[in-house]
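Residue numbers begin at 1 in each chain, while the letters A, B, ... track the order of the sequences. Treat the numbers as computed from the prediction; the structure is a model and nothing was measured.
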2 protein chains.
Amino acid sequence: MVTIKDISKRCGFSTSTVSKALNNSLEIGQETTAIIRKTALEMGYLPNTAARSLKTNRSNNLGVLFIDEMQSGLSHEYFSGVINSFKVEAERLGYDITFISHNIGNMQMSYYDHSVYRKCDGVVIACVDFSDPAVVELIHSEIPTVTIDHIFNDCTAILSDNLTGAKDLVHHIYEYGHRKIAFIHGENTSVTKRRLAGFHKACDALGIKVPDEYIKAARYHDPRSSGLATRELLNLPDPPTCIMYPDDFSFIGGMNEIEKHSLTIPDDISVVGYDGIYLSQVLRPKLSTFKQNTEALGKEAAAHLVESIVDKKTYLPKQIWIAGELWIGDSVKNLNFE
Amino acid sequence: MVTIKDISKRCGFSTSTVSKALNNSLEIGQETTAIIRKTALEMGYLPNTAARSLKTNRSNNLGVLFIDEMQSGLSHEYFSGVINSFKVEAERLGYDITFISHNIGNMQMSYYDHSVYRKCDGVVIACVDFSDPAVVELIHSEIPTVTIDHIFNDCTAILSDNLTGAKDLVHHIYEYGHRKIAFIHGENTSVTKRRLAGFHKACDALGIKVPDEYIKAARYHDPRSSGLATRELLNLPDPPTCIMYPDDFSFIGGMNEIEKHSLTIPDDISVVGYDGIYLSQVLRPKLSTFKQNTEALGKEAAAHLVESIVDKKTYLPKQIWIAGELWIGDSVKNLNFE
DNA sequence: AACAGTAACGAACACGTTTTCGTAACTGTG
DNA sequence: CACAGTTACGAAAACGTGTTCGTTACTGTT
């Protein structure tokens with residue numbers, strides 16, 4: 001391990017000067033800086049993060065907190081996309097990432113303690129139970145945090161625009177001539193609330209009356225519950241002509257149920273998903289869906305988190321809405337040409 | 001931040017004694033240890049990882065290296081499963097994990113340099129191009145490493161038993177009366193080689209002659225290439241009665257193609273996948289597949305990596321084969337009852 | 001020439017641990 | 001009681017940085 005001291009010996013400048021030169025201090029002459037940087041490169045110097053962190057109380061390390069129960073976090077393409085993009089941008093900005101958990105070794109630790117323990121400069125929070133006191137503790141702590149898809153006071157939130165997403169889907173379905181639109185929604189979260197709001201707003205604006213039995217509750221990422229809801233919808237005396245699913249993956253449950261009823265998509269029944277995962281684009285018929293911009297979500301989260309760390313004094317919490325994109329596939333029948 | 005010094009002042013023992021007591025040194029009396037641990041708990045003491053790491057040259061941090069191009073790493077359920085399990089076991093053993101990359105900030109860094117920079121006690125390597133010199137450099141360095149699904153000299157490897165997997169699938173298909181079995185395999189990796197070996201071994205043992213045109217090359221996780229291969233197979237003068245796919249997800253491409261030929265699964269054509277991802281179990285008909293034990297893979301990887309770190313002097317590299325499980329769905333027709 | 005001002009560098013300390021070594025008190029043995 | 005051996009603890013150094021505060025030497029002004 002080559003240290004700052006080795007460089008100091010090699011080129012005759014003191015360790016203080018070397019340290020300053022490597023940190024681009026204006027205090028040091030240009031020529032000396034050049035010499036020092038050159039020998040550092042030659043000797044293969046790598047700064048000792050531990051020593052640096054000990055001295056500066058910063059780690060260039062960002063925490064990622066997401067729920068890991070049932071392994072649903074990483075395996076959900078939406079979150080894995082967001083986290084991956086977060087990672088790429090964080091690394092570009094010079095930060096590594098560490099997962100925050102509540103048990104490390106045999107110690108039971110709060111999320112906050114773990115973040116302190118690992119000296120995270122900031123933490124991004126996604127896909128968790130936002131009512132969990134441990135999560136709230138972390139958010140209200142002195143550690144900069146950014147949440148994804150949930151709004152907290154005094155904390156920057158990066159939000160996928162679910163209201164517009166649901167609205168755009170309804171409008172698309174409406175334009176294709178449908179008036180009987182059912183909506184199977186996920187469990188009761190702020191995301192779901194926004195989508196429901198968008199759905200009703202669009203329907204109201206378009207003059208569509210939605211009977212209560214067209215609104216069904218299911219769970220995200222769970223084809224079984226969506227399948228059950230689909231069955232109930234198809235068995236209604238006056239079934240819908242189009243069904244909106246909680247997400248692309250859940251639609252698989254609906255697909256099975258529709259096939260079981262000997263119906264075909266989109267000729268007998270139209271459907272749309274949500275998310276725009278890989279799967280949605282390889283199914284036939286191709287699924288019409290609303291693509292969430294996971295790349296932008298992760299990138300913005302990293303960018304704002306770092307900004308809030310660097311400008312800790314002046315930074316003001318913001319809410320960043322990330323637009324998505326309507327992806328029109330072949331799963332909604334155009335009734336206008338009948 | 002409460003430090004060891006604060007504890008020292010509070011309970012009258014020197015910092016050396018406090019440090020030793022907190023590290024369970026036998027040098028310190030039981031009573032004193034109890035007192036010190038108690039006050040540490042009361043004061044909410046958390047060890048300063050930076051200081052500790054600086055002194056001991058260990059970080060209690062494990063690196064995870066997997067390729068991130070095309071975001072295919074995290075979004076592939078197989079790898080996300082392995083990594084998640086790795087994370088859980090690593091945390092149980094007192095380690096955090098950090099992703100290893102080759103560009104951090106504006107510095108371009110080798111994987112090895114990044115691992116040194118972050119003071120990783122060890123690194124697990126998965127889902128990368130194992131011929132990449134940067135990967136080889138890391139594996140041959142002094143940093144303990146464990147590879148997943150690839151064998152290197154002098155490096156512990158955790159391997160999903162792909163040979164048995166392919167063999168078991170063939171046997172299952174054979175038992176159901178099929179004699180014309182096609183195999184669409186993924187790109188040329190050691191995993192693919194093992195599966196091909198298993199396939200041919202089983203066919204030989206069962207006395208099945210496999211015509212060359214029944215073996216098709218496609219890509220993993222790519223329904224399009226599997227769809228093309230499927231088309232070619234279905235258009236053969238003497239088409240197979242069962243098709244084996246590179247993985248469950250790729251099968252979607254085959255599914256579309258089969259439907260396009262107005263054939264139904266499994267009545268007209270039988271299929272099996274590989275992996276046992278969530279999707280395979282919610283499709284109808286349920287996909288027969290070979291479930292890879294991602295949980296065991298990740299857990300064993302973490303356990304052996306930590307073991308090789310702790311017993312650095314005496315540890316000998318091993319190869320650990322992880323068995324999978326045949327999951328029989330409804331996608332293979334039983335021809336014995338005709 | 002005297003002076004203030006600045007530019008460029010070094011000495012020394014501190015960050016919070018772990019660890020080596022020394023020392024005092026205690027224990028048991030003859 | 002003398003002695004060796006053990007137990008329990010403390011003093012001090014070290015890990016590799018960043019930073020504060022001096023200290024030179026040089027520049028330009030009057």
Counting only non-hydrogen atoms, which of residues 29-50 of chain B are less than 4.0 Å from DNA chain D?
B:G29, B:T32
Within less than 4.0 Å of OP1 or OP2 of C:dT18, is there a side-chain N or O belonging to B:N23?
yes
Side-chain donor-acceptor pair present, A:N23, A:S25, cut-off under 3.5 Å:
no
Does a sphere of radius 6.0 Å around NZ in A:K119 hold more than 12 heavy atoms from other residues, nucleotides or ligands, not counting ones at 6.0 Å or beyond?
yes
Tell me whether B:T294 contacts the main-chain N or O of B:G81 through its side chain, where contact means a donor paired with an acceptor under 3.5 Å.
no
Does the separation of the ring centres of B:Y112 and B:H114 fall below 6.0 angstrom?
no
Would you find a donor on one side and an acceptor on the other, under 3.5 Å apart, between the side chain of A:T15 and the backbone of A:S8?
no
Cut-off 3.5 Å, no hydrogens considered: what does the side-chain donor-acceptor table look like for residues 48-55 of chain B, sequence neighbours left out?
unit_1	atom_1	unit_2	atom_2	d
B:N48	OD1	B:A50	N	2.9
B:N48	OD1	B:A51	N	3.1
B:T49	OG1	A:Y117	O	3.0
B:S53	OG	B:R58	O	3.4

Contact interval (first through last nucleotide) of DNA chain D with protein chain B, 4.0 Å heavy-atom:
D:dA8 to D:dG16
Can you give me every donor-acceptor pair (side chain of residues 309-324 of chain B, partner residue at least two apart or in another chain, under 3.5 Å) with its distance?
unit_1	atom_1	unit_2	atom_2	d
B:Y315	OH	B:T156	OG1	2.7

Pull out every protein N or O sitting under 3.5 Å from an N or O of nucleotides 20-23 of chain C, one pair per line with the distance.
unit_1	atom_1	unit_2	atom_2	d
C:dT20	O4	B:K20	NZ	3.4

Closest to the A:T17 side chain: C:dG10, C:dT18, C:dC15?
C:dG10
State, to the nearest 10°, the angle formed by the axis through the first five base pairs of the helix from C:dA1-D:dT30 to C:dG30-D:dC1 and the axis through its last five.
50°
In terms of side-chain heavy atoms, does A:S160 have a donor or acceptor partner in A:D149 at a distance below 3.5 Å?
no
